[in-house]
Structures are given as structure tokens and as C-alpha cells.
Student: 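Following this message is one structure expressed as C-alpha cells.
Bear in mind the structure is a predicted one, so any value in this text is a computation, not a measurement.
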Amino acid sequence: MLDAVLLRQDLESVVTKLAHKGFNLDVESFARLDTERRQIISEAESLKAQRNKISEEVAQLKRSKESADHLIEQQHKVGGRIKALEAGEKEAEIAFRDFLSHVPNIPHSSTPIGSDESGNIEIKRWGNIPEIDTPEDHVEIGTRLGIIDFDRAAKISGARFTILKGMGAKLERALIHFFLNQNIDAGWHELLVPYLVLQNAVYGTGQLPKFEHDLFKTHRGGDPLYLIPTAEVPVTNIYRDEILQAESLPIRHCAFTPCFRSEAGSYGKDTKGYIRQHQFHKVELVAFTTAEKAEAELEYLTRQAETLLEALDLPYMRVELCTGDLGFSSQKTFDLEVWLPSQKCYREISSCSWFGDFQARRANLKYKAKGAKKPEFLHTLNGSGLAVGRTLVAILECYQQKDGTVVVPKVLRDFMGTDILR
RNA sequence: GGAGAGAUGGCAGAGUGGUCGAAUGCGCCUGACUCGAAAUCAGGUUAUGGGGUGACUCAUACGGGGGUUCAAAUCCCUCUCUCUCCGCCA
């Protein structure tokens with residue numbers, strides 16, 4: 001959520017920046033909701049002040065055993081008006097918050113301006129693209145080796161689910177294990193978190209209210225529960241309603257979770273294979289830090305994800321998203337894309353984002369510097385480290401051999417107990 | 001699933017209708033004493049929102065929501081969570 005004060009004071013520049021993100025801010029609605037809210041608050045509060053004053057007088061009269069009937073009568077009327085105003089206040093507050101919660105984050109000043117992904121900027125490429133004359137795709141390889149089964153998965157769960165078998169399942173597990181250990185060794189603190197979360201958690205990271213259709217939803221009793229679309233949701237929310245000490249920052253967490261996405265908006269894209277699934281595995285990196293340290297933290301986090309690809313010797317590219325391709329909550333994002341021989345292009349495998357205080361304001365994540373008068377909102381960042389399924393796809397395709405076998409990346413051989421999948 | 005007990009400031013823990021944003025202790029900060037430290041003493045120490053350039057001021061908050069009342073930490077309803085016992089279970 002954006003800072004209402006910023007909008008009030010610098011509305012024009014906010015409008016321009018949001019336009020770069022393809023968002024048209026309704027200036028009139030904002031001004032109206034903002035004024036209405038403040039007016040009703042002022043009115044209600046002055047009445048409450050009056051009520052408190054009279055209550056005080058009543059108390060004094062009662063204490064000295066005098067009659068307070070005339071005052072109590074007066075209070076009756078005030079009480080009724082306060083009740084009405086409070087209802088209006090609540091309504092105005094909800095309307096204002098609802099409006100703001102649909103407004104995306106402002107792109108960072110360093111984010112390149114562009115309208116869609118064609119405006120993204122390549123930052124770097126790493127690794128050698130394997131030369132394969134007629135590459136098989138991971139579906140063919142996995143099916144032939146008997147380690148991936150799409151058909152039977154469809155039988156039990158429908159489209160966009162997959163069964164991994166034997167060495168396929170083990171490879172997925174090896175990657176989870178490898179990613180976690182690498183991240184932990186680099187100082188990221190592991191968390192194992194719930195996969196079902198309350199509504200306010202999904203609101204806190206910004207998937208709600210706008211992107212409800214992307215989420216799987218269930219309930220317990222009357223409370224909705226959402227299956228997490230990424231570990232970002234439970235992990236980012238763990239410090240909600242707390243005030244952290246500035247000296248403890250940055251806090252860096254990594255978490256392995258399954259992720260669940262209904263992806264209603266993406267029908268027709270990647271319908272075949274293991275690229276886009278309703279359920280997939282991911283190891284996520286999440287960092288909390290101060291405004292001053294945040295930009296450096298984005299680089300640090302992105303580098304951590306890159307080292308994982310480098311350790312696996314998978315060729316990748318780092319791309320900076322332009323304003324038009326930036327996610328709802330993000331102000332600056334680097335995507336890491338891995339080379340897929342069958343598609344002859346790079347595909348996203350990690351998205352490393354800096355959210356500024358946008359998520360923190362929604363989730364109420366704060367820190368206080370030593371000697372500071374007021375607590376401030378944290379800056380949050382996250383990125384995959386890495387998406388497990390897509391890494392498995394990249395390995396099958398990049399490490400395929402002419403004889404139909406797949407070489408196991410060096411760093412996974414101990415865990416896999418073999419050098420080659422055949 | 002059944003029975004019961006709880007939820008108060010950073011922590012511990014008082015408070016059962018008005019003088020309570022809340023005793024007391026611990027912690028923390030500032031000052032005094034000291035060469036310095038400890039001990040001791042004095043003072044301070046929540047957050048959010050509204051108004052004001054500001055000093056400041058007003059409002060709200062005692063797990064969440066609703067109610068009773070002129071007035072609620074305190075009474076009533078409800079939800080959530082925690083703990084104890086029984087049952088069941090991975």
C-alpha cells in the first residue's frame with residue numbers, strides 16, 4: 001500500500017509514475033475519499049472529546065453525591081450522534097483503504113520505463129549454451145526415461161499436475177536439498193512454514209484483493225484459508241504487528257514450500273510439460289531490512305540466486321523488468337532466466353524483487369532505529385532461490401546426451417548416487 | 001470430539017463500572033554519585049490516527065468483533081488463540 005500522505009502531497013508525480021506501470025489513478029476518487037474520511041474523523045473526535053468531558057463531570061457529581069441527571073440526559077443525545085458518526089467513520093475508513101489497496105506500488109526511480117516485457121533490459125548473460133543439434137524437450141526426455149508421468153497425474157488431478165517417479169522424484173528432492181543447503185550456508189535462516197494462510201496474510205503481500213482468482217481457496221469453519229502461491233506469503237508475514245530492532249537487520253530467511261496457483265489468467269500458455277503447474281516446489285529467499293540498506297540487499301539476494309544456477313552450471317540471463325512488466329507490489333525487479341534448449345530461449349526461474357515499504361505498510365512490519373522517536377516501515381525483498389521444477393526441466397534439457405541419457409550435474413551426484421540418468 | 005482455566009504495556013503481574021494508558025517489579029534510556037564500573041538515588045520509557053509550521057493538543061487501543069451503560073480493562077454475547085485433563089490420531 002502506498003503512503004496516503006505521499007499521495008496527498010505529491011499526487012501529480014505519483015500519477016505519472018503509476019501511469020508508467022499502466023495504472024490509471026482515479027485522482028478525484030482519491031481526493032474525495034481522503035477528504036471525507038478526515039472530515040468524519042474530526043467530527044467524531046470532537047464529539048467524543050465532549051462526551052469524555054461530561055462523563056468526567058458526572059463522575060465528580062456522583063462522587064460528591066450530587067444529582068447528575070441533567071448531564072446524563074444531555075449525554076443520551078451525544079451518544080446517539082457518536083454512534084451514527086462511528087458507523088460513517090468505519091465506512092469511510094474501509095472505502096479509503098479499499099481504494100488504496102487496489103493501487104500498485106510506484107516503480108523505483110532506477111527502474112527502466114517501458115510498457116511491456118519488450119522494454120525489459122538485459123543486464124548480463126552467464127554460461128555457455130549447450131550445442132545440441134535436435135534437442136528433445138523435457139517432456140520427451142522425462143517420459144522416455146520413465147521419471148515423469150503427465151498422463152496419470154491428469155487422471156487423478158486434471159491438467160497441470162505431474163507425477164515424478166524414481167530418479168525424477170529423487171532429482172527434485174536433490175534440488176530442494178541442494179538449494180536449501182546452499183542458502184543456509186550463505187547465512188539465510190531456514191523456516192518451514194504453513195502452506196495454508198489466513199486472508200490478511202495474502203493481503204499483506206499484495207496478492208489480495210486484486211488477484212484472488214490466481215489463488216486456491218478453502219476454509220476452516222467460517223474463516224477462508226488460502227493455499228500459498230509462494231513462500232513469500234507466510235514468510236513475509238511472520239513479523240506482522242511487530243517492531244524489530246534496527247540492529248537486527250537485515251533479517252534473511254529461506255524456506256522450501258510447495259506453491260499452489262490456479263493461474264486462471266494463463267490458459268493456453270505452457271499447457272504442455274512441467275513449466276507451469278497448479279502445484280510446484282520452490283525455495284524462496286526473503287529479506288527484511290531498512291530503507292538505506294534495501295537496494296544493496298536486492299543485489300545481494302539476486303546474486304545468491306545466481307550462484308545457485310552457476311553451481312549447477314546452467315546458462316542464464318539476468319533481466320531488469322521495465323515499469324510496465326513490474327508486478328503489482330514491486331518497485332524494482334530482476335528476473336533470472338535459464339536457457340531451455342527445446343524452446344531456444346531463456347525462461348524465468350527466479351524473480352527477485354524489492355518492494356520498498358509497500359508490503360510492510362500492508363502487513364504492518366516495522367523497525368525502530370536506536371534513539372529514533374518513531375518506528376518506520378521495513379523494506380521487504382524476495383526472490384526464488386530457486387524454482388525447483390523449472391530447474392529440473394533445465395537440467396534434463398541442458399544435460400541431455402546424444403545417446404538419450406542425461407548427465408547429472410556435478411553438485412548433485414553425491415545425493416543422487418549416480419552420474420547419469422538412463 | 002468432551003470438560004475446565006486463561007489472554008492486560010518489552011517481560012512478569014495487579015486491577016471487577018467513573019479518579020485507569022493502566023499499580024508494582026524487572027528490563028531499557030537519561031542524569032547524579034564514581035578515576036571508571038557495580039551498587040544506590042532521581043527522572044524518563046506504548047502504538048495508531050486527527051488538528052497544528054511548531055511547542056503541543058485531541059481521539060482510539062487492556063486477544064478480535066458485537067452489545068449493555070451517561071461512562072467498560074472491569075458486565076453480557078460471540079469468535080480466535082493458549083494451557084490442563086480425557087478421548088482419538090500421523
Student: Please name the nucleotide paired to B:G54 by Watson-Crick or G-U wobble geometry with both distances under 3.5 Å, or report none.
Tutor: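 Pairing partner: none.
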Student: ring-ring contact (aromatic ring centres under 6.0 Å, His included) with A:His253: which residues, sequence neighbours excluded?
Tutor: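 Applying ring-ring contact (aromatic ring centres under 6.0 Å, His included) to A:His253 gives A:His189, A:Tyr239.
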Student: Could you say whether A:Ser46 or A:Asp223 is positioned toward the 5' end of RNA chain B, judged by the nucleotide with the nearest heavy atom to each?
Tutor: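 This one resolves to A:Ser46.
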Student: For a quick test of reading the model, state the closest non-hydrogen atom pair linking A:Ile121 to A:Pro112 and the distance between them.
Tutor: CD1-CB, 3.5 Å
Student: Between B:C56 and B:A42, how far apart are the C1' atoms? Round to whole Å, please.
Tutor: 26 Å
Student: Any Lys/Arg nitrogen of A:Glu299 or A:Arg318 sitting under 4.0 Å from an Asp/Glu carboxylate oxygen of the other?
Tutor: yes
Student: Is any side-chain N of the basic residue among A:Arg37 and A:Glu93 closer than 4.0 Å to the acidic one's carboxylate O?
Tutor: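 A salt bridge is present here (some side-chain N lies under 4.0 Å from a carboxylate O).
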Student: Rounding to the closest angstrom, what is the interatomic distance between B:A7 and B:U16 at atom P?
Tutor: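 Comparing P positions in B:A7 and B:U16 gives a spacing of 13 Å.
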Student: Nearest nucleotide by nearest heavy atom, which residue falls closer to the 5' end of RNA chain B, A:Lys48 or A:Glu93?
Tutor: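 Taking each residue's closest nucleotide, the earlier one in sequence belongs to A:Glu93.
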Student: With rounding to the closest Å, how many angstrom separate the P atoms on B:G9 and B:G15?
Tutor: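 Per the computed distance, 16 Å lies between those P atoms.
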Student: When both hydrogen-bonding distances must be under 3.5 Å and the geometry is Watson-Crick or G-U wobble, what is B:U45 paired with, if anything?
Tutor: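 B:G27 is the nucleotide pairing with B:U45.
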Student: Taking only the C1' atom of each, what is the distance from B:A22 to B:U45 in whole angstrom?
Tutor: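 Going atom to atom, C1' in each nucleotide, I get 15 Å.
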Student: Determine the Euclidean distance between corresponding C1' atoms of B:A38 and B:A32; express it in Å to zero decimal places.
Tutor: 15 Å
Student: Provide the distance between the two P atoms, one in B:C26 and one in B:G21, to the nearest whole Å.
Tutor: 25 Å
Student: If you look at every strand shown and take non-hydrogen atoms under 4.0 Å, does A:Lys53 touch a base, only sugar-phosphate, or nothing?
Tutor: nothing
Student: Relative to each other, are the rings of A:Phe150 and A:His138 parallel, tilted or perpendicular (30° and 60° limits)?
Tutor: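 Perpendicular.
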Student: Using side-chain heavy atoms (C-beta onward) and a distance below 4.5 Å, is A:His379 in contact with A:Phe355?
Tutor: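 Not touching, per the 4.5 Å side-chain cut-off.
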Student: If pairing requires Watson-Crick or G-U wobble contacts with both distances under 3.5 Å, which nucleotide is the partner of B:U19?
Tutor: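 Matched B:U19 with nothing under the 3.5 Å cut-off.
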Student: Hey, does A:Ile41 reach any base, or is it just sugar-phosphate, or nothing, if we go heavy atoms under 4.0 Å?
Tutor: sugar-phosphate
Student: Given side chains that start at C-beta, do those of A:Val103 and A:Leu18 come closer than 4.5 Å, heavy atoms only?
Tutor: yes
Student: Looking at A:Lys366 and A:Glu242, does any basic side-chain N land under 4.0 Å from a carboxylate oxygen?
Tutor: no
Student: Give one of base, sugar-phosphate or nothing for A:Lys62, where a contact means two heavy atoms less than 4.0 Å apart.
Tutor: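 If one applies the 4.0 Å heavy-atom cut-off, A:Lys62 turns out to touch a base.
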Student: Both distances under 3.5 Å, Watson-Crick or G-U wobble: report the partner of B:A73, or none.
Tutor: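 In the structure as shown, B:A73 has no Watson-Crick or wobble partner.
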Student: Pairing check on B:A32: which nucleotide meets the Watson-Crick or G-U wobble criteria with it, both distances under 3.5 Å?
Tutor: B:U40
Student: P atom, B:U68 versus B:A12: distance in rounded Å?
Tutor: 34 Å
Student: Who does B:C62 pair with, Watson-Crick or G-U, both distances under 3.5 Å?
Tutor: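 No nucleotide pairs with B:C62.
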Student: Using a heavy-atom cut-off of 4.0 Å to chain A, what are the terminal contacting nucleotides of RNA chain B, in 5' to 3' order?
Tutor: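 Terminal contacting nucleotides, 5' to 3': B:G18 to B:C81.
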Student: Using Watson-Crick or G-U wobble geometry with both distances below 3.5 Å, tell me the partner of B:C88, or none.
Tutor: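 Because no pair has both required distances under 3.5 Å, B:C88 counts as unpaired.
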Student: Need one value for A:Gln75: base, sugar-phosphate or nothing, where a base atom within 4.0 Å counts as base even if backbone is also close, heavy atoms only.
Tutor: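 A:Gln75: backbone/sugar contact only, no base atoms under 4.0 Å.
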Student: Roughly how far apart, to the nearest Å, are B:G6 and B:G63 at atom P?
Tutor: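 Per the computed distance, 14 Å lies between those P atoms.
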Student: Could you please name the partner base of B:C83, counting Watson-Crick and G-U wobble pairs only when both distances are under 3.5 Å?
Tutor: B:G4
Student: NA contact type, A:Lys77, heavy-atom cut-off 4.0 Å: base, sugar-phosphate, or nothing?
Tutor: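 Here A:Lys77 touches no strand at all.
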